Amino acid sequence: MKKIVLILILVGILFPYLISFSQTNTPDDLEKIKLRAEQNYYAQPDSTYILADSLISVSTQLGKNVYVGEGLRLKGVYHQLRAELDTAFSYFQQAGEIFRSLNDSTRLPRALLSEALMDISLGRYAVALEKCMEAKSISELVKLEPFRLRAIAEIARIYSFQGNHAKALEECQYYYSQVKNSEDLNQLATSLSYLSVEFMHLKVHDSSLYYLEKNLAVQSELRNPVGVGAALQNMASVYLEMKDTIASNQKFRESLVEYRKVGFGQGIAQVQLNIASSLARAGKYREAVPVIEEGVVYAKPLGDLRLLRAQYQLQSEVYEKTGSFRKALMAHKNYAALNDSLSNADKQRTINELLTKYETQEKEQRIEVQNERLDKQEAELQRKQVIIVGLIVLSVMVVLLIRIRASKKQALIQKEGELKLREAEINAVINSQEKERNRFARDLHDGFGQLISVLKLNLSQLNEVTNKDVEKRDEIFKNGESVINEMYSELRNICFDLMPQTLVKRGITSALKEFGSRINQNTKVNCEVLVFDNNERLPELVEISLFRITQEWVNNVLKYAGADTITIQLTREDGEATLTIEDNGTGFDSQDFYKGKGNGWRNIQTRLNQVGGEFDLDTRQGVKGSMVTVNVYLKEGIIPIGTDMEMTGS
């Protein structure tokens, strides 16, 4: 009934605050409520619980899951202070799951440490150690130094509970060295408390009292009655170990005063048990009776069955010593019932631990088998990867080899083509030379030879003419002179075909004009020669090549085209010489010219190659007229200078 009244009073006190809290809409407001609840841990634990419950409700409505987790953690703290360890652990675990699902690395370490504290209290040291190590790793990753140090502190406690106090002391000393100059008094107080406890276990009483005195000063500065009471209680325990009963009882009573300030039932129950035990050892049983009775009252609602069992055991002894046998019997029955319950719980816990160890062993064996299988699979995979890589390298090498061979084959084919082309050019030159030689021989035989025969026959008549026949002699001389003149003209034509002196002495312009004039004199074809912007001489080889190409093409026109007009045009502009030959003869398929069996195209191509020229033929089958265009670039250093004799090898 009293508890219900107390809760109603708290609700009345907090009602205005809860109304404003229900209207909270921002994370900053939720954070303020969380901080207010944390401030009431020890002084008003029930208000902490109510605020935590409301925090969960409103945060759920607002979809702020992170504060749902904070509310669950606060409820866990409430049950932790009431020694309801399993319930506290459940809330801490739920909070941790929320923070983990949100990937909130700043809040998860705190929840993990809270879970670990419950595991430690319940004797689950291996599980607690795993959680502390995880909290330490996450804190190091996100640089949360306070939680990293708290994780180290709890690891030290695990060493202590397992009996390894030397290792625990080493961890506690490191923890203290990291926070002794810190402004975080809570961390400093915790480090001093843990350090003093380890010295207590190691029976180094002076060191333990030294750090307890420091802790007491820090807790007083923090105005934390529970912390002050705990420090005083530990000091009392040290004095008790030192057989200083007076000092021990004094510290216990001072501790009790601090616990009563905030109604900390767990502390009150423990201290009353210690005071009653001290009085009983001193034989002051009647003084011990009210003390142990108050201890039982505070221990009952805590749910700490071990503490309550110790209370009943001492109460039974004190009642018996004071002659209250009925009360002693009742207290003993309560003790026996709790003892049986705890024994069964211990047995069940032992069985559960054995089952857990068995399952863990089975799991480890399965993991080992799985790891072996994975190792084999990985080795096989690596072997296959090596084979695949080898095949890839081999394939690449084969492809490269094939490409190299193909490249060499292509280069060889290209070289053979160039050689064949060169051979064709040489053959064309040779054939052309032979053709020219035959023509020259024919011209000399048919023309020049006949004239010589005529001249010889004419001169032979002089033997038959007497000195007196002057007229006949003059006629013979005149006929001989005419034949000689004709021989001279024929010789000039032959020399012009071999190498026009006009080309050598005066250049391509004069040579082309003379060539056109000869065509006009000897044929019925009208040949027009036009030359523009060519005041300067071209390189010798360019002039010879252009003249020979003109000769070759015009001769073809005269032989096959049936044209009566030919126009030869030569221009020079911007480092380029352009030769154009047009006629009005019958058109033809240009491929017939390029692929013909004659040497015309080969002769022209040989000339073009010598000077780096370009050739274009515009003609069509069945259409009158054709046009040839030859372009030669006159860039210095590209076109060689030579003679027609050097080019043909004649």
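Keep in mind that this is a model prediction, so the values were computed, not measured.
- Of the charged side-chain nitrogens involved, at least one lies within less than 4.0 Å of a carboxylate oxygen, so that Glu380 and Arg383 count as a salt-bridged pair.
- Not a single donor-acceptor pair under 3.5 Å links the side chain of Ser90 to the backbone N or O of Thr87.
- To the nearest 0.5 angstrom, Gln621 atom CD is 7.0 Å from Asp592 atom CG.
- Here Arg548 does not pair with Glu552 in a salt bridge; the nearest charged N to carboxylate O distance is not below 4.0 Å.
- Contact check for Thr619 versus Phe593: no side-chain heavy atoms found under the 4.5 Å cut-off.
- A cation-pi geometry, defined here as NZ or CZ lying under 6.0 Å from the six-membered ring centre and within 45° of its normal, holds between Arg107 and Tyr67.
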Could you go through Lys131 and Glu134, starting from their C-alpha distance and side-chain angles, then the distance that decides it, and tell me whether this counts as salt bridge (charged side-chain N to carboxylate O under 4.0 Å, His left out)?
CA-CA 5 Å; Lys131 292 174 182 176; Glu134 183 181 1; over 6 Å; no
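- Other residues, nucleotides and ligands place more than 12 heavy atoms under 6.0 Å from the OH atom of Tyr594.
- A donor-acceptor pair under 3.5 Å links the side-chain atoms of Gln187 to the main chain of Pro146, judged by distance alone.
- Under the 3.5 Å distance criterion, the side-chain polar atoms of Asp564 are left unmatched by any main-chain donor or acceptor of Asn584.
- The aromatic rings of Phe547 and Phe515 sit perpendicular to each other, their planes meeting at more than 60°, with 30° as the lower class boundary.
- A distance-only check finds a donor-acceptor pair linking the side chain of Thr550 to the backbone of Leu546 [under 3.5 Å].
- Within the model, atoms CG of Leu169 and CG of Asn164 stand 10.5 Å from one another, a figure rounded to the nearest 0.5 Å.
- Checking side-chain atoms of Glu582 against main-chain N and O of Thr567 turns up no donor-acceptor pair under 3.5 Å.
- Relative to the six-membered ring of Phe99, Arg73 misses at least one condition, a distance below 6.0 Å or an angle of at most 45° to the axis.
- Between the side chain of Ser510 and the backbone N or O of Gly507, no donor-acceptor pair lies under 3.5 Å.
- Side-chain atoms of Ser407 do not come within 3.5 Å of backbone N or O of Arg403 as any donor-acceptor pair.
- Rounding to the nearest 0.5 Å places OG1 of Thr580 at 7.5 Å from CG of Asn631.
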